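Predicted model only: the values in this text are computed from it and were never measured. Indexing begins at 1, ligand by ligand and atom by atom, following the structure's order.
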Amino acid sequence: MSKESANKMWGGRFTSSPSEIMEEINASVAYDKRLAPQDIAGSIAHARMLGEQGIISKADVKSIIKGLEGIRAEVTEDRFEWSTALEDVHMNVESRLRETIGEPAGRLHTARSRNDQVATDFRLYIRDTIDGFLATLGELQLELARKAEANAATVMPGFTHLQPAQPVTFGHHLLAYVEMLARDRSRFQDARKRLNECPLGAAALAGTSFPIDRKATAAALDFDRPTANSLDSVSDRDFVLETLSAASLCAMHLSRFAEEIVIWSTPQFGFIRLSDAWTTGSSIMPQKRNPDAAELVRARVGRVAGAFTSLLLVMKGLPLAYSKDMQEDKEVTFDALDSFATALSAMAGMVKDLEPNKERMHAAAGAGFSTATDLADWLVRELGLPFRDAHHVTGTIVAEAERRNVNLEELDLEDLQKVEPRITKAVFSVLSVDKSVASRTSHGGTAPQNVRKMARQWIKRLEKEGLAG
Ligand code: ARG
């Protein structure tokens, strides 16, 4: 049935509204226009290769490239007029090319489809985005390592169950995040390695009968090699999912640190002071300093992990090769990766500015009998008690200190000897928080000498990288 006769049958009600909604659901240009730089780079590489292979004339190549460069300028200078009727970035660019150079524009799409085109554009975009993340993550690690070096001997309570557990140093705590971020970076680097293959030339799904040179386009776009299977090339979005997955883990780490910043900056804890740059006031309560930036960083993991889930479900059950479902990959990804990038930068800024309140931290480190384990260890080491017995003796001593409302180091020797007569005054040498952290010299332990060494190693490594990058 022709369109006209169909319209004659139901056209009275449906002439305009269904097509408007069709345009609305179908068009992606509102968000995929940000792929214009990648789209143009891909087209230039493709056109050059077509010329080299004698598939189109050198004169056409020249005019296509000149036209595309003009369009690139229009886009960068925000002069390009995007049309929703033209659906997506690819057709907008191509149609503009036809307007500006005429007939040769029609030859650009030889041996290519929007399916391999969009797969190429998106890989290029994700690759650039990962490179940006790697740089910012390096900066954040460097801020953390510098702050860690400055606070290698700043004692604070270490927590388990958010209950005071054993004293640690603030530097040690910060270096824990440097380690997490190092794993995050290696996940991004790993994703980048796998994504760096070029789908261009897979065409719609089956490859092409034109004598194209896929190695040449791959090399021109800085890919390691062309992808191996044309069906896989146009239907694969693993590279986006891997990136969102790495970003989700990293955003989760940022969220944990953000939560600690929120807790530490409360007047009740008072461990840190955030600078004015990263706090806001309240319109009604004049005394307030709200850690909004940290709260937003804490929340962002929701968007990032949400995008991962969203795309995973879009891809689930899709038959090979391309389906329009896959157009839904971009909007959530852009939103997630944009907000992740902002969270990373905000975190780097907060870390640089935050100042620890060393006195508060030190006092809190001594509360809650945090050196009880040091006492038990002393009983094992000096008196030869089995650890379980030492644990029991220490428990009895803690109960006594609690009853009197004093710290362990404030108890008298006689009180200790009532529980275990062989205890000598030498025990007091391990009961202070500073002695406690200084004694934790085991590999990876919190002793200031360890922390200083690790912090310096990181700083050296990261500064070198920064210079190289
Ligand atoms: N805008 C489309 C997308 O992002 C481009 C590919 C369209 N291909 C097609 N056969 N309709 O997925």
Output the list of atoms in ligand 1 that are nearer than 4.0 Å to some heavy atom of Asp88, sorted by atom number.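 Listed by number with element: 1 (N), 2 (C), 5 (C).
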Distance filter under 4.0 Å to Ser28 heavy atoms, resulting ligand 1 atoms: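 Those qualifying, in numeric order: 1 (N).
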Tell me: protein heavy atom nearest [atom], and distance?
| atom | result |
| --- | --- |
| atom 2 (C) of ligand 1 | Gln327 OE1, 3.2 Å |
| atom 3 (C) of ligand 1 | Tyr322 OH, 3.2 Å |
| atom 10 (N) of ligand 1 | Asn115 OD1, 3.1 Å |

Side chain, backbone, both or neither: which part of Lys330 has a heavy atom under 4.0 Å from ligand 1?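 For Lys330, only side-chain atoms sit under 4.0 Å from ligand 1.
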Does the pair [X]/[Y] count as a salt bridge with the N-to-O cut at 4.0 Å?
| X | Y | value |
| --- | --- | --- |
| Arg192 | Asp131 | yes |
| Arg107 | Glu103 | yes |
| Asp338 | Arg34 | yes |

Close side-chain approach of Thr333 and Thr243, heavy atoms under 4.5 Å: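 Thr333 does not reach Thr243 side chain to side chain.
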Return yes if a side-chain donor-acceptor contact under 3.5 Å exists between Thr373 and Gln166, otherwise no.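 Side-chain D/A pair, Thr373 to Gln166: present.
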Centres of the Phe257 and Tyr177 rings: under 6.0 Å?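 Aromatic pair counts; centres sit under 6.0 Å.
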Using distance alone, decide if ligand 1 has a nitrogen or oxygen within less than 3.5 Å of any nitrogen or oxygen in His90.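 No, no N or O pair falls under 3.5 Å.
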